[in-house]
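Down below is the structure, laid out as structure tokens.
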Amino acid sequence: MLTFAHMNDIFNRARLLVGEKGMERIAQSRVLLFGVGGVGSWCAESLVRSGIAHLTIVDADTVNITNVNRQLMATTRTVGRPKVEALKERLLEINPSAQITPIHALFTPESAAEFHLEDYDYVIDCIDSLKDKTALIELASHSPATLFSSMGAALKIDPTRIRVADFWDVHGDPLARAIRKKMRKEGRTTGKPVLCVYSEELLENQGEAQEPAQEIVRKACVNGSLAHITAIFGHSLAGLVLMDILRN
């Protein structure tokens, strides 16, 4: 059984780097994460391992066998379970005292008010849907929270090409381009700067998707992706949160 001393030791290396006050600020910060797939799941783990103790995770999906190659909580044992529940279980194994709130639901423009963005210090966007992602970027950037967003992590293999830039300065990413086009067309804008993790690399699928039927119906297209890229995207988002906490 873990004692208080053991719990304190979990963050010893982090405390050496950022100090006691830094760890206190990290532990007190409230984070809301939308999408716990290939990028979001790694982001969540990185945050909890770094001392974030108040984390709300939102995703409407269940673990699919095709998630196993790149999503943290996806294993052959968790297939069929809600992603947020499987991930919460994993995160509490790291820090049993963390307050992990799983919400098995879909963020949409219509449901946005239900998530109370104003109650959080940070909002992290790892949503795939163009419509929902556009709405979240607009709403969260106008909220009191600081927003960080992931652009597309599929069709990439080179980790050296992963970058961070303001949303309006992201180049070579089709998802960012599509969101900006949609926002301009609808007269939307961001309320404050939004840092994004992205890569200009864009490869082509070399095989045919063999997704379950329900996955193909839900997605406009199915693209290949690898764990090292999605994980770097996720860890980078977590790093942006931590740097902002410590800077402020």
Side-chain angles (χ1 to χ4, degrees), residues 13-14 17-18 26 31 33-52 55 57 59 61 63-75 83 87 90-91 94 122-130 133 137 146-180 193-209 211 219 221-247:
R13 298 300 174 90
L17 180 63
V18 306
I26 291 171
V31 181
L33 170 59
F34 289 97
V36 294
V39 174
S41 59
W42 297 97
C43 178
E45 170 141 338
S46 189
L47 290 170
V48 171
R49 286 188 184 275
S50 300
I52 290 292
L55 177 63
I57 50 178
D59 200 301
D61 277 348
V63 177
N64 186 281
I65 192 65
T66 62
N67 302 152
V68 175
N69 84 309
R70 69 197 183 282
Q71 299 185 14
L72 180 74
M73 66 290 167
T75 69
K83 289 183 180 180
L87 182 57
R90 162 80 175 191
L91 298 177
I94 297 167
Y122 295 93
V123 174
I124 303 176
D125 158 42
C126 297
I127 292 177
D128 293 328
S129 163
L130 176 63
K133 193 177 191 74
I137 289 175
T146 298
L147 171 67
F148 297 111
S149 179
S150 170
M151 294 297 112
L155 298 177
K156 307 176 194 310
I157 197 169
D158 185 352
T160 68
R161 299 182 66 177
I162 297 173
R163 302 285 186 269
V164 175
D166 181 78
F167 169 70
W168 297 100
D169 296 326
V170 172
H171 299 292
D173 182 275
L175 180 57
R177 183 165 57 248
I179 296 171
R180 290 195 295 262
V194 178
L195 288 181
C196 300
V197 180
Y198 74 102
S199 169
E200 295 181 358
E201 182 182 23
L202 191 63
L203 304 175
E204 294 183 358
N205 287 317
Q206 299 298 309
E208 295 183 3
E211 299 278 315
K219 298 181 179 180
C221 61
V222 178
N223 291 316
S225 53
L226 294 170
H228 70 284
I229 295 294
T230 61
I232 294 172
F233 269 60
H235 289 306
S236 296
L237 288 168
L240 292 173
V241 171
L242 294 171
M243 286 195 300
D244 195 77
I245 292 172
L246 297 172
R247 185 186 303 120

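Between Met73 and Ser41, the shortest heavy-atom contact is SD-CB, 3.6 Å. Closest heavy-atom contact between Ala153 and Ser225: O-CB, 4.4 Å. The heavy-atom pair separating Asp173 from Gly152 by the smallest distance is OD2-N, 3.3 Å. The minimum heavy-atom distance linking Ser236 with Val197 is given by the pair CB-CG2, 3.9 Å. Closest approach of Val222 to Asn205, counting heavy atoms only: O-ND2, 3.4 Å. Lys133 and Ile179 make their closest contact through CD-CD1, 3.6 Å (heavy atoms, listed as atom of the first residue, atom of the second, distance).
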Carefully, step by step, assess Ile137 and Ser149 under the rule side chain to side chain contact (heavy atoms under 4.5 Å, CB included). CA-CA 8 Å; Ile137 289 175; Ser149 179; 4.0 Å; yes
Give the C-alpha distance, both sets of side-chain angles, the deciding distance and a yes or no for side chain to side chain contact (heavy atoms under 4.5 Å, CB included) between Met151 and Arg177. CA-CA 10 Å; Met151 294 297 112; Arg177 183 165 57 248; over 6 Å; no
Show me, pair by pair, the donor-acceptor contacts under 3.5 angstrom made by side chains of residues 43-52, not counting sequence neighbours?
from  : atom 1 : to     : atom 2 : distance (Å)
Glu45 : OE1    : Arg90  : NE     : 2.8
Glu45 : OE1    : Arg90  : NH2    : 3.3
Glu45 : OE2    : Arg49  : NE     : 2.7
Glu45 : OE2    : Arg49  : NH2    : 2.9
Glu45 : OE2    : Arg90  : NH2    : 2.9
Ser46 : OG     : His235 : ND1    : 3.3
Ser50 : OG     : Ser46  : O      : 2.8

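In this structure, the separation between OH on Tyr198 and CG on Asp169 is 8.0 Å, given to the nearest 0.5 Å. Taking CG of Leu155 as the start and CD of Glu204 as the end, the distance is 8.5 Å to the nearest 0.5 Å. For the atom pair Trp42 CH2 and Ile232 CD1, the distance stands at 11.0 Å (nearest 0.5 Å). In this structure, Leu147 CG and Phe34 CZ are separated by 10.0 Å, a value rounded to the nearest 0.5 Å. Distance CG/Leu240 to OG1/Thr146: 11.0 Å, rounded to 0.5 Å. With rounding to the nearest 0.5 Å, the separation of SG in Cys196 from CZ in Phe233 is 10.5 Å.
Between the side chain of Asp166 and the backbone N or O of Leu195, no donor-acceptor pair lies under 3.5 Å. Glu201 places a side-chain N or O within 3.5 Å of a backbone atom of Ile157 that can act as its donor or acceptor partner. Checking side-chain atoms of Asp59 against main-chain N and O of Leu33 turns up no donor-acceptor pair under 3.5 Å.
Judged purely by distance below 3.5 Å, without hydrogens or angles, the side chains of Arg70 and Thr230 never pair a donor atom with an acceptor atom.
Val170 places a side-chain heavy atom less than 4.5 Å from the side chain of Arg180. Between Ile26 and Val241 there is no side-chain heavy-atom pair separated by less than 4.5 Å.
The number of heavy atoms from other shown groups lying within 6.0 Å of CG (Leu203) is above 12.
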